[in-house]
Amino acid sequence: MQTVVIQGPSTLKGQINISGSKNASLPIMISSLLAKGSCLINNVPNLRDTRFLVSILKDLGCLVDFQKNTFIIKSTVIKKKSADYKYVSQMRASIVILGPTITRYKKFKIALPGGCSIGTRGIDLHLDALKLMGIKILIRNGYVIAERKKNKLDPIIHKFPKISVGATQNILMAATLANGISKLKNCAIEPEVIDLINFLNKCGANIKVKNRTITIKGVRELKLENHKVIPDRIEAGSYILATMATKGRLTLNNFNPNDLTFPLKIYQDMGLKIKKISKSSYEFNCKTLKPLKKISTKEFPGYPTDLQAQLVATQLKSALKSKVVENIFENRFIHIPELRRFGANISIIGKTVTIHKTLNLFGAEVMATDIRASFSLIIAAMMSKGTTVINRIYHLDRGYEEFDLKLKKCGVNISRKK
Ligand code: UD1
């Protein structure tokens, strides 16, 4: 299994091109199952998760080509009506396949996504809404068996009891071809959801967003169109935090600050300076890192849970009893024991992490646990004296395109070992 070795301390200095958003690419690639024809999706990051989704689509019988950052789907006729355990168990986002497939086919079977290291993450929000749309759902032998009784799905007026990115995407996709107007309330409005909506509207869907309410007028059919995926705001935020943690200077290209408005405000309060170079290019530097009192993760436009672990790591040396509250996932603290291996002084009570200032951090052998938690280990390694070895780096390869090459180009002493 591959590892990454980092010699610390190091300062991030240089330029990084931000990749296309993983979390926007996955549902957009999946939504091509709703329509006929062919299309080209650009700016898709070449990551373990996107390559994995390509394998799923091929297994279903789709003609797919994925090279560099371009995804081409030539036919969306599905021959196989089931998404198997060996795929779904590895990538939770696969559950979003169910909405589009059961819209087009009378019966579809998908393995239960199963447990997840960052929380229980049920799929009740997805299944309850699909049932209301006239789908019979059975759970048998570890699979969700979905069956559509009518020719088309029923439209729904539905308020999600909890905000969910995946459930919003799944149900809005299903509603695009339903028999009438659906109104979904209490929806996720993350930029990745909006990018999916923009793509679907290009393909002929009729979807409108107002606050957290999404109105979908069912149309007869969709026709695939080309699209360019938005930049990855979480990748960008991760590199910005690494710049702050190491008092570096970094230019990000292909970056959209509007998708990160609230986090950037928090980072500015902590001492980040931002200079606009062009519409999609910004320079960041931070000479003095100020302690943060307390921050809580929240759905967009709040502070993203996907930047929580990296924020905890960034504060290790500057904290003054700083608190980070995780409100989205009940167990997203698996990076904490790993950060303690560097000498970090962190305590957890319930959903609150308290970071106490540590003057000296030392490189250690650690284990990557989930995509974003893994980047917090990179940040800690860059702040530490000596050698850090990160194991299980496939988590990083799931979410950060060419992270080792990007960091190396910016002066980080990082190497990948087999
Ligand atoms: C997506 C993102 C992930 C991000 C998360 C929250 C992708 C591929 N992944 O994950 O990076 O961390 O949004 O911004 O886009 N829940 C239920 N029942 C359900 C569905 C969700 O209880 O049926 C709960 C979850 O356990 C969690 C909360 O709702 O506590 C939010 O999860 P959700 O927004 O659905 O996350 P994902 O879409 O899986």
Side-chain angles (χ1 to χ4, degrees), residues 20-31 44-45 47-50 52-53 56 88 90-99 110 112-132 137 139 144 158 160-174 184 186-197 212 229-230 232-235 237-238 259-260 262-263 296-311 325-335 351 369-376 395-396 398-400:
S21 160
K22 169 184 84 76
N23 286 354
S25 297
L26 296 173
I28 288 173
M29 290 157 79
I30 290 172
S31 73
V44 175
L47 294 167
R48 210 164 173 262
D49 273 15
T50 46
F52 192 69
L53 178 57
I56 299 181
V88 180
Q90 291 201 45
M91 194 173 71
R92 191 191 136 80
S94 334
I95 187 65
V96 175
I97 288 175
L98 188 58
I110 185 164
L112 283 164
C116 172
S117 59
I118 63 171
T120 50
R121 293 218 261 186
I123 52 165
D124 51 318
L125 302 173
H126 302 244
L127 300 187
D128 291 350
L130 285 173
K131 281 182 200 163
L132 294 172
I137 303 268
I139 312 279
V144 178
H158 179 60
F160 288 108
K162 188 173 182 180
I163 297 172
S164 157
V165 173
T168 301
Q169 292 166 337
N170 216 349
I171 305 311
L172 85 85
M173 283 195 265
L184 304 176
N186 203 26
C187 290
I189 46 163
E190 267 64 4
E192 295 77 19
V193 176
I194 304 301
D195 203 27
L196 169 68
I197 291 174
R212 288 202 179 274
V229 171
I230 55 168
D232 198 312
R233 66 190 169 110
I234 304 301
E235 187 200 17
S238 303
D259 290 343
L260 220 52
F262 183 67
S296 306
T297 61
K298 222 174 171 319
E299 296 86 2
F300 188 85
Y303 191 84
T305 172
D306 282 354
L307 285 171
Q308 177 254 107
Q310 303 90 315
L311 179 62
V325 183
E326 174 54 57
N327 282 319
I328 308 294
F329 293 108
E330 77 275 21
N331 185 27
R332 200 170 196 176
F333 291 132
I334 29 175
H335 47 289
K351 53 184 189 172
T369 45
D370 80 63
I371 305 176
R372 309 304 167 187
S374 309
F375 203 91
S376 72
H395 287 293
L396 283 158
R398 286 185 60 197
Y400 291 93

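No experiment lies behind these values; they were computed from the predicted model shown. Counting convention: from 1, in listed order, for ligands and their atoms alike.
- Using a 4.5 Å heavy-atom threshold, the side chains of R233 and E192 count as touching.
- A perpendicular orientation is assigned to the rings of H158 and F160, their planes being inclined by more than 60° (bins at 30° and 60°).
- Among G166, S94, P27, the residue whose heavy atom lies nearest to atom 38 (O) of ligand 1 is G166.
- Closest to atom 13 (O) of ligand 1 by heavy atom, among V96, D49, V165, is V165.
- Of the inter-residue distances, the one linking I334 atom CD1 with T369 atom OG1 reads 3.5 Å to the nearest 0.5 angstrom.
- The closest non-hydrogen atom to atom 21 (C) of ligand 1, taken over D128, L125, I328, I95, comes from L125.
- For A167, no nitrogen or oxygen atom sits less than 3.5 Å from a nitrogen or oxygen atom of ligand 1, counting backbone and side chain alike.
- Using a 4.0 Å cut-off between heavy atoms, E299 makes no contact with ligand 1 at all.
- Considering backbone and side-chain atoms together, E190 places no N or O closer than 3.5 Å to any N or O of ligand 1.
- Counting only N and O atoms by type, the side chains of K298 and N327 include no donor and acceptor under 3.5 Å apart.
- Ligand 1 has no nitrogen or oxygen under 3.5 angstrom from a nitrogen or oxygen of T305.
- Ion pair D49/R92 not flagged as a salt bridge, since none of the NZ, NE, NH1 or NH2 atoms sits closer than 4.0 Å to an Asp/Glu carboxylate oxygen.
- Annotation: K22 places no N or O atom under 3.5 Å from an N or O atom of ligand 1; distance criterion only.
- Residue S164 has at least one nitrogen or oxygen atom sitting less than 3.5 Å from a nitrogen or oxygen atom of ligand 1, judged on distance alone.
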